[in-house]
Amino acid sequence: MQCARTERAAQGATYRKILYWLRATDARPVKADFFLASGKYIKSATFDEYRQVGGLTLLRRLTIYDQIRKNSHSVLEYTGFAARNLPDRMFHQGRSDRF
């Protein structure tokens, strides 16, 4: 599979740098590597399965691998997709304590 790699960096974020591999044909995420401010490689993720829902391509399964505890990983499976309107105020970083 042909992929393009892109890098995102942010000051004050949980992960200082994230490397993304995006599928060349449609820019769909395939893999991501996460780094701390110290530069330490701490996690990776694979975007394993997508699903068509209401004309949209949505992530169905994501696997996160711990690079410190090599045998540890988490699988997130998303089901029961439903569209809803959410107010912009829910996406303010200062409100994250309410989730």
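Between F47 and Y20, the angle of the ring planes lies from 30° to 60°, which puts this pair in the tilted group.
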I18 and D33: CA distance, side-chain angles, deciding distance, side-chain contact (heavy atoms from CB on, under 4.5 Å) verdict: CA-CA 6 Å; I18 304 173; D33 291 333; over 6 Å; no
L62 and Y78: CA distance, side-chain angles, deciding distance, side-chain contact (heavy atoms from CB on, under 4.5 Å) verdict: CA-CA 9 Å; L62 168 72; Y78 303 99; 4.0 Å; yes
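The distance from the CG atom of D66 to the CD1 atom of I42 is 7.0 Å, given to the nearest 0.5 Å. To the nearest 0.5 Å, the span separating CG on D48 from CD on E77 amounts to 9.0 Å. Between E49 atom CD and L59 atom CG the span is 9.0 Å, to the nearest 0.5 Å.
Taking the side chain as every heavy atom from C-beta outward, V75 and R61 approach each other to under 4.5 Å. Side-chain contact between K40 and Q67: absent, with no pair of heavy atoms (C-beta onward) separated by less than 4.5 Å. The shortest distance between side-chain heavy atoms of K17 and R8 does not fall below 4.5 Å. With a 4.5 Å cut-off on side-chain heavy atoms, K70 and Y65 do not count as touching. Taking the side chain as every heavy atom from C-beta outward, R16 and F35 never approach each other to under 4.5 Å. The side-chain heavy atoms of R60 and L58, taken from C-beta on, include no pair separated by under 4.5 Å. Between L19 and T6, every side-chain heavy-atom pair lies at or beyond the 4.5 Å cut-off.
For the pair Y50 and P29, the tightest heavy-atom approach, listed with the atom from each and the gap, is OH-O, 2.6 Å.
Residues that satisfy the salt bridge (Lys or Arg N to Asp or Glu O under 4.0 Å) test with R28, not counting sequence neighbours, are D26.
For the residue pair Y15 / K43, a side-chain donor-acceptor distance below 3.5 Å is found, with atom types taken as modelled.
A single hydrophobic cluster is not seen to contain both L56 and L86; linkage of ILVMFWY side chains at heavy-atom distances under 4.5 Å, directly or through other members, places them apart. Clustering ILVMFWY residues whenever any of their side-chain heavy atoms sit less than 4.5 angstrom apart, transitively, puts L76 in the very cluster that holds V53.
Within a 6.0 Å radius of CD in Q2, other residues, nucleotides and ligands contribute 12 heavy atoms or fewer.
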